[in-house]
Amino acid sequence: MSIYDELGNVHIDMLKEIGNIGTGNAATALSMMTSKKVEITVPSVSIVDVSQIPFFFRDPEKVTIGIQLPFHEELNGKLLLLFDSDPGRRILELLIGFRNDDLTCMDEMQKSVFSEIGNIVCGSYLVSLTQFSDLFVNSDVPQITVDMVSAIVAESCLTYAEEEDKTILIETNFEIEDQSQVEAYLFLILEPKSVEKLLHSLGM
Amino acid sequence: MDSKLIIGIGEFKAAKNPSILVTLGLGSCVGVCLRDSASGIGGLIHVMLPDSGGKVVNKPGKYADLGIPKLLEEMAKLGANISRLEAKMAGGAAMFKNTGSSMEVGKRNVEAIRKVLASKRIRLLSEDTGGNRARSIEFTVESGVLRIRKVGGGETTEMIEI
């Protein structure tokens, strides 16, 4: 019996609401960082079977930048921020004025730019989560990879895959004003015990 | 027309000729491909973890120690001769930098699989393991060719065959 079987529509809506607020703050932070208008479309929350993760994406092999921010204390899990290669390239250009045509080869400075983006965006989300739930979390140093999108998500979910076959994907889309079709996803991957704790602290 | 069978993470499948067995998103996971060329029967397992630790699990395919023997059972049911099996594997990468435990899992998966194959006297013909890139693989049962795709330089996807 999985904790995820206990999640009904009410819980999904709650998680969606946290997602809305969290990504709203994250968008504000990204806006300030890039001096561009950033908008968020309404996130969808899905409970996904880990084994089915590669089928979740239109193109599971799309080259994507993944920034993972693990957190712990009262909630254990990680946030995963994903940027498609072209939007990622654009953000890099906006921030350090340098165009990188091959994101598979990034120097330390470029990697630290993405690391910082991960810190700010994921950090804003975590602040909302803690305000909503009154649970304290501490985040670790962000980790970066550039690879096929489905592999990055699957790899991130693996930490809890031993206890649990399912995970929560809170999907959201960022739009940076002069970009169309910016595929950026923010995933909240929680330890099963933490899902329970979170729902409990939200009074459900 | 060869039929492609897609195997998900932590799953396994046995199939007869003509089949192409596929699995995607191998990061620290390892795809193990087995084949009995004489009977034209092949199998693929997408291993996530090296050891089940002897506990009862509902998805044995996740683990090298439990999943591979299960796959052998399925292949035997289709008529494969286990003593004739040959293997190839791909995966076991360390995708995220600075993650001590993640690096270990990839390596540990590869080593655990080597052990299981050796204990079943299955010959490992070739492998493409380690590194820090994810892999997608396609295994053609008829020819025994294993095609591996991963992100190469210039954000392209390069392919190799082993």
Side-chain angles (χ1 to χ4, degrees), chain A residues 1-2 48-57 59-70 78 80 84-86 88-89 100-106 108 111 114-115 118 140-165 167, chain B residues 6-13 22-29 31 45-53 55 57-59 61-63 91-106 109 131-138 148-159:
Chain A
M1 169 83 172
S2 157
V48 181
D49 235 313
V50 174
S51 63
Q52 300 303 303
I53 283 172
F55 311 115
F56 193 73
F57 298 97
D59 180 3
E61 300 192 327
K62 195 89 177 47
V63 176
T64 301
I65 302 164
I67 305 146
Q68 178 176 256
L69 189 75
K78 50 182 100 167
L80 178 63
D84 222 342
S85 37
D86 288 326
R89 210 188 317 281
N100 178 338
D101 287 317
D102 184 2
L103 293 167
T104 59
C105 303
M106 277 198 276
E108 287 314 308
K111 284 187 202 161
F114 282 110
S115 201
D140 292 337
V141 174
Q143 297 144 1
I144 300 177
T145 188
V146 178
D147 216 313
M148 300 188 271
V149 64
S150 62
I152 298 176
V153 178
E155 192 66 12
S156 261
C157 291
L158 281 193
T159 317
Y160 308 117
E162 194 159 6
E163 311 157 49
E164 184 53 65
D165 289 330
T167 192
Chain B
I6 304 185
I7 286 112
I9 300 174
E11 299 184 342
F12 59 89
K13 255 188 203 125
V22 176
T23 197
L24 312 174
L26 291 163
S28 57
C29 294
I45 175 170
H46 185 132
V47 173
M48 287 167 70
L49 296 163
D51 211 298
S52 59
K55 57 182 190 280
V57 298
N58 20 356
K59 279 189 122 184
K62 283 183 191 171
Y63 307 92
M95 283 174 67
F96 283 99
K97 315 280 192 273
N98 312 316
T99 337
S101 59
S102 173
M103 252 185 118
E104 268 177 46
V105 173
N109 278 335
N132 26 41
R133 290 264 174 266
R135 297 168 171 90
S136 289
I137 65 176
E138 283 187 10
I148 301 167
R149 279 198 313 284
K150 50 187 164 186
V151 172
E155 299 171 23
T156 55
T157 310
E158 59 184 31
M159 184 184 66

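None of the values given here were measured: they were computed from a predicted structure. Below, all heavy atoms of this structure are taken into account, side chains as well, without hydrogens, waters or symmetry copies. Letters A, B, ... mirror the listed sequences (proteins, then strands); counts begin at 1.
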What distance do B:R135 atom CZ and A:E61 atom CD have between them, rounded to the nearest 0.5 Å? 13.5 Å
Nearest-0.5 Å distance, OG1 of residue A:T64 to CD of residue B:E155: 10.0 Å
Could you pull out the closest heavy-atom pair between [X] and [Y], with the gap in Å?
X      : Y      : value
B:A134 : A:M148 : O-CE, 3.5 Å
B:F96  : A:G66  : CE2-O, 4.1 Å
B:N132 : A:D147 : O-OD2, 3.8 Å
B:G152 : A:T104 : O-CG2, 3.5 Å
B:G25  : A:A154 : O-CB, 4.4 Å

Are A:L158 and B:V105 side-chain neighbours, meaning at least one heavy-atom pair lies under 4.5 Å?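 Contact flag for A:L158/B:V105 side chains = no.
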